[in-house]
Amino acid sequence: MNDKLGNWKRTHRCGDLTAEHIGQEVCLMGWVQRRRDHGGLIFIDLRDREGIIQLALDPDRDLASLKKAEQVRNEFVLAVHGKVSPRPEGTVNPKMKTGEVEVEISELRILNRSETPPFMIDEYTEVAENIRLKYRFLDLRRPVLQNNLRLRHLVAKTVRNYLDEQGFIEIETPVLTKSTPEGARDYLVPSRVNTGNFYALPQSPQLFKQLLMVSGFDRYFQIVKCFRDEDLRADRQPEFTQIDCELSYVSRDDVMTIMEGMMATIFKVAIDVEVALPIPRLSYTEALDRFGVDNPDLRFDLELITITALVADSQFKVFADVAANGGLVKALNAKGCATFSRKELDGLTDFVKIYGAKGLAWVKVTEEGWQSPIAKFFTADELAALNRELGAEVGDLLLFVADKPSITNEALGRLRGRLGQKLGLTRKDDYRFVWITDFPLFEYDEEEKRHVAVHHPFTSPLEEDIPRLDSAPGSVRAQAYDLVLNGSEVGGGSIRIHDPAVQIRMFELLGIDAAEAREKFGFLLDALSFGAPPHGGIAFGLDRLMMILTGAESIRDVIAFPKTQKATCLLSEAPNEVSEKQLQELGIRLRARQK
RNA sequence: GGGGCUGUAGUAGAGUUGGUUACAACGCCGGCCUGUCACGCCGGAGGUCGCGGGUUCAAGUCCCGUCAGCCCCGCCA
């Protein structure tokens with residue numbers, strides 16, 4: 001039989017007790033971290049969210065409690081009354097925050113018992129992730145996740161305070177909403193009342209926040225769940241949280257200035273890091289040119305160097321052909337890496353192949369000149385020019401990729417990231433922000449044979465590029481911006497189209513004709529036609545931001561109840577089959593019952 | 001859809017060239033212990049080697065398939 005809580009009221013949290021509480025009578029409640037039974041004397045480490053305190057049970061003080069303590073096991077829930085006392089000479093534990101004191105117990109109540117947990121609730125025990133996820137409620141008792149989620153709370157609170165001070169109003173938008181074309185796959189929710197019709201869960205509150213601008217709220221924000229039915233990654237879950245913002249009467253610079261202030265505030269409050277403002281800005285074109293990717297990790301240099309022109313006339317056919325066919329030849333100079341083994345070089349070659357590169361040419365720069373399978377193809381003049389261009393010195397490793405531009409950039413850009421990690425250039429406590437701007441408005445989708453929006457269909461072109469919308473849509477730049485932190489895209493947004501004529505033109509360019517635009521986005525076009533103010537906004541990925549702030553390797557470590565890579569929940573076992581009755585009500589028949 | 005890694009007591013691991021009864025640690029159970037603190041000492045229990053099939057006199061070990069977890073490509077406006 002468990003003891004009743006009765007009228008006991010907790011007076012303190014375990015981890016908060018220090019020498020200043022000595023002499024006080026306290027009432028504590030928490031879990032048993034550990035029992036140390038010395039026969040006549042028992043110590044219990046009692047844990048709550050603030051930490052651990054040692055309870056001392058002495059037969060001279062209360063024999064009944066001592067006897068009861070003999071039954072106590074790990075993770076039992078206890079309530080105790082006792083007096084905070086200094087520990088006897090020589091028994092202070094400097095490793096514990098509460099190590100100067102202990103609580104001399106006068107009465108102990110066992111509020112609940114516990115099965116032996118499948119793993120120890122401590123910071124030492126390493127447990128396979130599937131076990132952790134199945135017993136998430138226990139994993140969440142452990143210090144790492146407790147700290148991560150509490151920091152997440154602090155960040156959310158800081159965001160609310162900052163945005164409130166800046167005149168933003170938090171407004172909720174629907175979760176049951178409308179499926180729209182473009183973008184990620186939607187999660188669909190069948191409507192019982194409207195049999196045969198479906199809601200979609202929002203990929204973002206994009207259209208609603210624009211409508212709120214039309215409605216005159218002027219500055220809106222929301223910390224909001226978004227849903228995308230796509231495959232998962234270490235930093236991607238199908239349901240995730242955005243800090244979603246929209247502002248009226250602003251330019252890109254206005255948005256970026258307000259939001260980098262928010263980032264600086266978050267980093268100061270959450271981890272006491274000063275972010276130097278303004279955050280540097282880099283055009284999309286320059287980012288690709290120098291780093292190969294639009295989310296460069298600026299914690300280290302190691303820039304890509306374009307050498308297409310230098311090798312266009314060389315005898316090395318691989319390079320010359322690529323140059324002749326509009327491709328791109330670029331190189332990295334990995335300083336001092338000529339010591340890499342053949343095996344390491346093969347590993348780097350395999351790595352670039354993941355991104356579609358056909359191979360990786362390498363050169364070790366030695367006292368005797370180039371040591372490389374491709375050295376023989378180049379004249380002395382070409383070698384000298386390449387060495388000069390790449391700043392090659394003895395001991396360097398030069399790495400080349402030649403392919404069509406998108407592949408060269410991606411492969412070498414990712415290789416840059418990998419080398420940065422391999423060479424230890426990416427310190428965890430180093431935070432390098434950068435805004436990426438001037439994205440192209442469109443990119444060409446080879447599969448669908450049409451232009452698609454790089455950001456989304458509501459993004460405004462740069463005003464100076466609007467004349468080229470018809471003649472050269474591929475060259476039109478967007479008033480879009482991404483915030484990148486240590487190689488991770490943590491946010492992105494744009495100035496939106498507020499002119500209904502431009503919006504209709506935009507849909508046309510995306511292959512959405514007037515009728516379809518009306519059907520899918522009629523409410524937006526209507527809203528834009530009733531005096532929509534110029535507006536723009538941004539959304540930040542709270543989960544990714546938390547990963548960086550906590551140093552987590554996985555997005556699962558900053559989410560209380562995350563999904564597995566197959567988008568299931570090992571705790572609740574969602575998703576699951578539903579009853580025939582439920583399906584009938586929804587007018588749904590499954591094409592094939594899975595076995 | 002594709003590539004890769006992992007899977008052995010509750011937990012995390014070792015297990016040689018295929019060869020007797022699958023190891024030790026932590027945890028768990030029992031006992032002892034009045035100053036420990038990831039207490040200590042003595043004793044004990046605990047295994048469908050993910051699952052299925054195959055090769056073999058013999059499989060944790062080799063082969064094929066499959067499931068699960070993780071990482072990546074595609075996908076993610």
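In this text, all values refer to a predicted model and were calculated from it rather than measured experimentally. The analysis underlying the following values was restricted to heavy atoms, covering all of them including side chains, and did not include hydrogens, waters or symmetry mates. Every chain is numbered from 1 and lettered A, B, ... according to where its sequence line falls, protein lines coming before strand lines.
At the phosphate of B:A38, OP1 or OP2 sits under 4.0 Å from a side-chain N or O atom of A:Asn93. Residue A:Thr564 places at least one side-chain N or O under 4.0 Å from the OP1 or OP2 atom of B:G69. The phosphate of B:G69 has neither OP1 nor OP2 within less than 4.0 Å of any side-chain N or O from A:Lys134. One finds a side-chain N or O of A:Asn74 lying less than 4.0 angstrom from the OP1 or OP2 phosphate oxygen of B:C28. At the phosphate of B:C37, neither OP1 nor OP2 sits under 4.0 Å from any side-chain N or O atom of A:Lys95. The phosphate of B:C75 (OP1 or OP2) has no side-chain N or O of A:Arg185 nearer than 4.0 angstrom. An OP1 or OP2 oxygen of B:U11 is reached within less than 4.0 angstrom by no side-chain nitrogen or oxygen of A:Arg142. Of the side-chain N and O atoms in A:Arg228, none sit less than 4.0 angstrom from OP1 or OP2 of B:C75. Regarding contacts with the backbone of B:C72, every side-chain N or O of A:Arg414 stays at 4.0 angstrom or more from both OP1 and OP2.
Side-chain contact, A:Ser488 with A:Arg544: no donor N or O sits under 3.5 Å from an acceptor N or O. Between the side chains of A:Thr173 and A:Gln222, at least one donor N or O lies within less than 3.5 Å of an accepting N or O. Side-chain contact annotation: A:Thr125 with A:Asp122, donor-acceptor N/O pair under 3.5 Å present.
Pair check for B:G43 finds B:C29; Watson-Crick or G-U wobble, both atom distances under 3.5 Å. Pairing for B:A68 goes to B:U6, judged as Watson-Crick or G-U wobble with the two contacts each under 3.5 Å. The partner of B:A14 cannot be assigned: no Watson-Crick or G-U wobble pair with both contacts below 3.5 Å exists in any strand.
Atom CD of A:Gln33 is separated from atom P of B:A38 by 10 Å (rounded to the nearest Å). Residue A:Ile407 contributes atom CD1, which lies 12 Å from atom C1' of B:C73 at whole-angstrom precision. At whole-Å resolution of the value, CD in A:Glu75 and P in B:A38 are 16 Å apart. The separation between A:Asp37 atom CG and B:G30 atom C1' is 13 Å, rounded to whole Å. For the pair A:Glu230 CD and B:C72 C1', the interatomic distance rounds to 16 Å; values are reported in whole Å. Going from atom CZ of A:Phe43 over to atom P of B:U34 covers 11 Å, rounded to whole Å. The separation between A:Ile354 atom CD1 and B:C5 atom C1' is 13 Å, rounded to whole Å. Counting to the nearest Å, the P atom of B:C70 and the CG atom of A:Asp231 are 12 Å from each other.
If you check distances only, the side chain of A:Glu102 does reach the base of B:G35 with a donor-acceptor pair under 3.5 Å. Within 3.5 Å, a donor on the side chain of A:Arg236 pairs with an acceptor on the base of B:C76, or the reverse.
Remark: A:Cys14 SG to A:Gln54 CD distance equals 12.5 Å, nearest 0.5 Å.
Note on A:Arg73: only backbone sugar-phosphate atoms sit closer than 4.0 angstrom, heavy atoms only; bases stay farther off. Residue A:Ser204 is classed as a base contact, given a heavy-atom separation below 4.0 Å to a base. Residue A:Glu129 is classed as a sugar-phosphate contact, given heavy-atom separations below 4.0 Å to backbone atoms only. Among the protein residues, A:Pro117 comes within range of no part of the nucleic acid, since none of its heavy atoms lies under 4.0 Å from any strand. No engagement by A:Val452 is indicated, since no non-hydrogen atom pair under 4.0 Å with the nucleic acid exists. As judged by a 4.0 angstrom heavy-atom cut-off over every strand, A:Ile131 is placed among residues touching the sugar-phosphate backbone only. Nucleic acid contact for A:Thr180: none, since no nucleic acid atom lies under 4.0 Å from a heavy atom of the residue. Residue contacts for A:Ala56: at a heavy-atom cut-off of 4.0 Å it reaches no nucleic acid atom on any strand shown. A:Tyr355 comes within 4.0 angstrom of sugar-phosphate atoms only, judged by non-hydrogen atoms across all strands, and of no base. Backbone-only contact: A:Arg556 has heavy atoms under 4.0 Å from sugar-phosphate atoms and none from a base. Nucleic acid contact class of A:Pro118 (heavy atoms, under 4.0 Å, all strands): sugar-phosphate only. Within 4.0 Å (heavy atoms only), A:Glu126 reaches sugar-phosphate atoms of the nucleic acid but no base atom.
Annotation: B:C39 and B:G52 have their C1' atoms spaced 47 Å apart (nearest Å). Comparing the same atom, C1', in B:A59 and in B:U16 gives a spacing of 15 Å after rounding to whole Å. Straight-line distance between the C1' atoms of B:A45 and B:G4: roughly 40 Å, to the nearest whole Å. With both ends at atom P, the span from B:A9 to B:C76 equals 40 Å, rounded to whole Å.
Relative ring orientation between A:Phe458 and A:Phe507 is described as perpendicular, the plane-to-plane angle rising above 60° on a 0-90° scale split at 30° and 60°.
For A:Tyr124, whose side chain is taken as the heavy atoms from C-beta onward, the closest listed nucleotide among B:C37, B:C71, B:A38 is B:A38. Of the candidates B:C70, B:U36, B:C72, B:C70 carries the atom nearest the A:Leu133 side chain, counting heavy atoms from C-beta on. Proximity note for A:Arg36 (side chain, C-beta onward) versus B:C71, B:C37, B:C75: the nearest is B:C37. Nearest to the side-chain atoms of A:Thr116 among the listed nucleotides B:C76, B:U36, B:C28 stands B:C28. Comparing B:C37, B:U11, B:C75 by their closest approach to the side chain of A:Asp45 singles out B:C37.
Heavy-atom minimum distance, A:Leu201 versus A:Leu176: CD2-CD2, 4.4 Å. The shortest non-hydrogen separation linking A:Ile243 to A:Leu542 is CD1-CD1, 4.0 Å.
Mapping A:Arg87 and A:Val454 onto RNA chain B by nearest heavy atom places A:Arg87 at the nucleotide closer to the 5' end. In terms of position on RNA chain B, the residue among A:Asp60 and A:Thr568 whose nearest nucleotide sits closer to the 5' end is A:Asp60.
Screening A:Lys209, A:Arg496, A:Gln210 against A:His535 for a side chain to side chain donor-acceptor pair (under 3.5 Å) leaves a single residue, A:Gln210. Applying the side chain to side chain contact (heavy atoms under 4.5 Å, CB included) test between A:Asn409 and each of A:Arg414, A:Lys330, A:Lys404 identifies A:Lys330 as the sole match.
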